[in-house]
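Step one of this worksheet: look at the structure below.
Remember, predicted model here, so these are calculated numbers, not experimental data. Below, chains carry the letters A, B, ... as their sequence lines are ordered, and counting in each starts from 1.
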2 protein chains.
Amino acid sequence: MTEIPHILVVDDHREIRDAVSRYLEKNGLRATAARDAVEMDAKLAAGRFDLIVLDIMMPGEDGLSVCRRLSAAGGPPILMLTALGEETDRIVGLEIGADDYLPKPFNPRELLARIKAILRRTDTTEATPGELAGKRVAFGDWVLDADNRRLTSADGAVETLTTADFRLLTAFLQRPRVVLSRDELLDLTAGRSPHLFDRTIDNQVSRLRRKIEADPSRPKLITTVRGGGYCLSADVRELAG
Amino acid sequence: MTEIPHILVVDDHREIRDAVSRYLEKNGLRATAARDAVEMDAKLAAGRFDLIVLDIMMPGEDGLSVCRRLSAAGGPPILMLTALGEETDRIVGLEIGADDYLPKPFNPRELLARIKAILRRTDTTEATPGELAGKRVAFGDWVLDADNRRLTSADGAVETLTTADFRLLTAFLQRPRVVLSRDELLDLTAGRSPHLFDRTIDNQVSRLRRKIEADPSRPKLITTVRGGGYCLSADVRELAG
DNA sequence: CGCGGTTGTTTCGTTTCGATACCAAGCATA
DNA sequence: TATGCTTGGTATCGAAACGAAACAACCGCG
């Protein structure tokens, strides 16, 4: 794993959330916090995560439900934080698809150790991000062949994408018509946080536009949202293999 | 690299059976479930198992009897699940030939730990050169015959592989669609660590591509992931030997 | 001993991508 | 409209990654 693993910490107590996030970042991980299931879903939609630390007791949709939902959808691995008690242990571990769990109150070192253990197990560093492996996806006038990273236009033109092009494009394709900030895009494509005055995404967008826009100076597919980021302004449909 | 251990889970409660199986599979094991002694015998006859998780309380032939029978026949090691507090059962179980036991309700992590402990004790890993000795494997347009290290293409073309080609290819075939770093590949093929400016893997990939890619300058099967490594971008299916 | 084939190493040219810089376009305010 | 500030677009450059040719070392084999 060349990239720094990104952990999503979901807990309704601010102190725990912040403390855990800080501890993880101190120990070489990236951490993002969410207060509840709703906020979690938003973060999940916007970014790439390698593991979720999930509190079982939450207002709104509770941890068990969230866990079942995510695990059924094949999301990232989950480490559950459970209240101390005999019965929950069994239910949590067995009936839900958690990868591990930890009874509260816990030792942060142990949390870190378990997180690393799960990351070690589940490190598969996918080649093609998300669900696109082997598929073909149409948007605008283009068809993307995810396997050989090639674009074919309606009029027969062919563009080959570099790795960076491809990652950026797939990030958009998985979230069409959604405004993605530069930070989110950087996370999705390079898995890192921006440093000051980071224009990397601007550059990559510019390069991608040169390949896919009919008139790159008047972009229609990847539109700029001033102060917000970029957005794929086209519908996306999946084609068979 | 050894094979993934295969666990047979025998319990008459469907929820427990399924939950345990899922949990084991999430943690890097293979799991198969059986409802009772009869089904267990059928699975045992059909496949190879490294360990049996056996519930003591079952309709039909009960766990103690099964345990006695299997262990006398020199079957795989057994981990018994006992109801809480039935001390006699545990003792009897161990006397009868179980390798370990766990009282219900149990902590799934503890179950996993005990399973791994037993597997470690009873590890009889033979030095199998990979997992595809004697098998035939299909990927892309090719079929690899592992015995004589020959590739046959869908259109009838035949390529013979050198040992280095073969090792590299099998490394990929065992982890399709996963990005493998140069270090990992070097470890898998040559069993050594890279020294500075080591381009060995690049070369071997280049050579292998010349043999298996339709257009080596536009690789489709073994794709490079800049900054990451290489990846077999094709599905792999095993054919009968 | 020579020979052909295989494999590791070096090297060079190309591609790719991030950083920087500069310019243009938006936006507010007067 | 003029002015100044902010934000986005892209040309350019250099560093790093990559592909492959060329070379050298090695290995078995007759």
State whether Tyr230(A) places a side-chain N or O below 4.0 Å from either non-bridging phosphate oxygen (OP1 or OP2) of dG9(D). yes
I'd like to check the ring-ring contact (aromatic ring centres under 6.0 Å, His included) partners of His6(B); sequence neighbours left out, ordered by chain and number. Phe49(B)
Under 4.0 Å from OP1 or OP2 of dT6(D): is there any side-chain N or O of Arg226(A) that close? no
Pick the nucleotide of DNA chain C nearest each of Arg192(A) and Arg192(B); which residue has the one closer to the 5' end? Arg192(B)
Among residues 196-222 of chain B, which residues get a heavy atom nearer than 4.0 Å to DNA chain C? Asp198(B), Arg199(B), Thr200(B), Asn203(B), Gln204(B), Arg207(B)
Residue pairs fulfilling salt bridge (charged side-chain N to carboxylate O under 4.0 Å, His left out) with at least one residue in residues 153-170 of chain B, sequence neighbours excluded: Asp165(B)-Lys211(B)
For Glu15(A), salt bridge (charged side-chain N to carboxylate O under 4.0 Å, His left out) partners two or more places apart: none
Could you tell me whether Arg175(A) atom CZ has more than 12 heavy atoms of other residues or ligands within 6.0 Å of it? yes
By side-chain contact (heavy atoms from CB on, under 4.5 Å), Pro108(A) pairs with (sequence neighbours left out) Tyr23(A)
Show me the donor-acceptor pairs, under 3.5 Å and distance only, between side chains in residues 216-223 of chain A and residues at least two apart or in other chains.
residue	atom	partner	partner atom	Å
Ser217(A)	OG	Asp215(A)	OD1	2.8
Thr223(A)	OG1	Cys231(A)	O	3.3
Thr223(A)	OG1	Ser233(A)	OG	2.8

In whole Å, what is the span from the CG atom of Leu180(A) to the C1' atom of dG8(D)? 17 Å
Salt bridge (charged side-chain N to carboxylate O under 4.0 Å, His left out) contacts in which one or both residues fall within residues 180-199 of chain A, not counting sequence neighbours: Arg30(A)-Asp187(A), Arg182(A)-Asp202(A), Arg192(A)-Asp198(A), Arg199(A)-Asp202(A)
With a strict under 4.0 Å distance from non-hydrogen atoms of chain B, what nucleotide opens and what nucleotide closes the contacted stretch of DNA chain C, reading 5' to 3'? dT6(C) to dC17(C)
Contacts under 3.5 angstrom, residues 37-46 of chain A side chains, donor-acceptor by atom type, not counting sequence neighbours:
residue	atom	partner	partner atom	Å
Asp41(A)	OD1	Arg69(A)	NH1	3.4
Asp41(A)	OD2	Arg69(A)	NH2	3.3

